[in-house]
Amino acid sequence: MKALILVDIQNDFLPGGALAVPDGDAIIPVVNRLQAVFPLVVATQDWHPANHGSFAANHPGKSVFTQIDLNGLPQTLWPVHCVQGTRGAELAPGLQRERIAKIFPKGTDAAIDSYSGLFDNGQRKSTGLGEWLKGQGVTEVFVCGLATDYCVKFTALDAARLGFKTHFFEDASRGVNLQPDDVKKAIAEMRRAGIGIDQSKDLLNPAAKL
Ligand code: VGL
Ligand code: ZN
């Protein structure tokens with residue numbers, strides 16, 4: 001069985017949000033069209049407590065987009081984003097919800113970030129998504145969402161590592177590009193890991209069969 005994984009399509013990652021991904025809202029109609037052709041759709045949700053260690057505001061004197069060591073792991077410091085229960089953490093209003101079978105929160109532990117929707121950045125704790133997908137009989141996953149160079153990339157890499165045949169939908173994802181080539185590099189890294197780089201039209205055209 002094939003599953004579509006929607007990564008962090010949340011208000012704070014859309015234009016106007018706390019950690020806006022350029023052009024992030026452009027993926028929503030594409031993602032909604034993709035949902036219709038998958039037998040199973042799941043979503044991840046960046047879901048941080050207000051005291052999360054990835055927020056620059058929780059490290060006096062530190063600026064956003066700089067690096068620190070957070071409990072032994074390198075950590076980019078972000079603006080406060082996706083705080084549990086806030087509007088910024090909600091899934092994008094334009095995102096169709098009816099076909100999302102389950103939502104997996106991530107980044108809930110203040111002491112460690114979780115870019116991947118499957119494991120925290122130390123690969124210590126699972127979110128349960130991988131186990132749940134396997135329990136549903138999923139063998140192949142298609143990953144898309146925000147942001148290509150962080151949470152989408154790490155979700156796809158972990159899925160491939162767990163043995164899922166893994167694809168990335170380029171046109172249903174957008175990246176932050178803190179450095180101008182970050183998205184390009186993320187795609188190259190996914191390709192090297194054996195992840196298929198797909199366009200939604202490859203699947204949506206009438207000749208394509210899931
Ligand atoms: C993300 C940075 C911090 C993402 C989440 O969803 O890509 N990026 N938290
Ligand atoms: Zn986050």
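Start at 1 and go down the list; that is how both ligands and their atoms are numbered.
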Task: the Zn ion (ligand 2): protein N, O or S atoms that are less than 2.8 Å away, sorted by chain - done: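 You should have found Asp46 OD2, His48 NE2, His81 NE2.
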TODO: Could you identify which residues cluster with Leu73, counting Ile, Leu, Val, Met, Phe, Trp and Tyr as linked when any side-chain heavy atoms lie under 4.5 Å apart, either directly or through a chain of such contacts?
DONE: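 ILVMFWY cluster around Leu73 also holds Ile112.
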Closest protein heavy atom to [atom], given as residue, atom name and distance to 0.1 Å:
atom: atom 4 (C) of ligand 1; answer: Cys151 SG, 2.7 Å
atom: atom 2 (C) of ligand 1; answer: Trp78 CE2, 3.4 Å
atom: atom 8 (N) of ligand 1; answer: Tyr150 CB, 3.8 Å
atom: atom 6 (O) of ligand 1; answer: Asp8 OD2, 2.7 Å

TODO: Examine the proximity of ligand 1 to Leu146 and report which part, side chain or backbone, both or neither, has a heavy atom under 4.0 Å away.
DONE: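 It is the backbone that gets close, since no side chain atom is under 4.0 Å.
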Can you tell whether the side chains of [X] and [Y] come within less than 4.0 Å, N to carboxylate O?
X: Asp120; Y: Lys125; value: no
X: Asp46; Y: Lys106; value: yes
X: Asp171; Y: Lys201; value: no

Is the closest N or O pair between [X] and ligand 1 shorter than 3.5 Å?
X: Leu19; result: no
X: Asp46; result: yes
X: His81; result: yes

TODO: List the steps, then state whether side-chain hydrogen bond (donor to acceptor under 3.5 Å, both in side chains) holds for Ser54 with Gln75.
DONE: CA-CA 7 Å; Ser54 74; Gln75 175 70 52; 4.6 Å; no
TODO: Output the distance between atom OG1 (Thr166) and atom CZ (Phe168), rounded to the nearest 0.5 Å.
DONE: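 Answer for the OG1-CZ pair, Thr166 versus Phe168, is 12.5 Å.
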Open item on the list: Once rounded to the nearest 0.5 Å, what's the spacing between atom CG of Asp158 and atom CG of Leu129?
Closed with: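 Rounded to the nearest 0.5 Å, the CG-CG separation comes out at 10.0 Å.
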Task: Which residues share a side-chain hydrogen bond (donor to acceptor under 3.5 Å, both in side chains) with Ser173, sequence neighbours left out - done: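 Not a single residue meets the side-chain hydrogen bond (donor to acceptor under 3.5 Å, both in side chains) criterion with Ser173.
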Open item on the list: Once ring-ring contact (aromatic ring centres under 6.0 Å, His included) is applied, do any residues pair with Tyr115, and if so which ones, sequence neighbours excluded?
Closed with: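 Listed in chain order: Tyr150, Phe154.
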Open item on the list: When you compare the side chains of Asp182 and Gln179, does any donor N or O come within less than 3.5 Å of an acceptor on the partner?
Closed with: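 Short answer, no.
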